Amino acid sequence: DREVEMAIRHLIQKKYPHHGIIGEEFEATNPESEFIWVLDPIDGTQSFITGKPLFGTLIALLHQTNQ
């Protein structure tokens, strides 16, 4: 989980340095940004560890509007 999240965070920060990131494994980065990525790098960790194909990577992009 940690390695996958770190890799995804690196890619997001490289392409979108001002975006925020909220992940399952690490503290939030720029949580007040207009755009925030939400990450669950391996949803279904136990299945992943045991080799069952019942896991996925969840990624969402939120856009905060000031209303």
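Because the structure is predicted, anything quoted here is derived from the model rather than measured.
Looking only at distances, no side-chain donor or acceptor of T29 sits under 3.5 Å from a matching main-chain atom of G20. Judged purely by atom type and a 3.5 angstrom limit, E5 uses its side chain to pair as donor or acceptor with the backbone of E24.
Taking all atoms of both residues into account, the shortest heavy-atom contact from E25 to P41 is CG-CG, 4.3 Å. Pairing each heavy atom of M6 with each of F26, the nearest pair is CE-CZ, 3.8 Å.
In the hydrophobic cluster analysis, where Ile, Leu, Val, Met, Phe, Trp and Tyr join through side-chain heavy atoms closer than 4.5 angstrom, V4 is grouped apart from V38. If you chain together hydrophobic residues whose side chains sit under 4.5 Å apart, I36 and L58 never meet in one group. Under the 4.5 Å side-chain contact rule for hydrophobic residues, Y16 and I21 share a cluster. Following chains of ILVMFWY side-chain contacts shorter than 4.5 Å, one can reach L39 starting from I42, so the two form part of one hydrophobic cluster. When hydrophobic clusters are built by joining Ile, Leu, Val, Met, Phe, Trp and Tyr residues whose side-chain heavy atoms come closer than 4.5 Å, directly or via intermediates, I12 is grouped together with L61.
The line from NE2 of H19 to CZ of R9 is 14.5 Å long, rounded to the nearest 0.5 Å. We find the CG-CZ distance between D40 and F55 to be 12.5 Å, quoted to the nearest 0.5 Å. Remark: D1 CG to F48 CZ distance equals 8.5 Å, nearest 0.5 Å.
For F35, the CZ atom sits in a packed shell: over 12 heavy atoms of surrounding residues, nucleotides or ligands are nearer than 6.0 Å.
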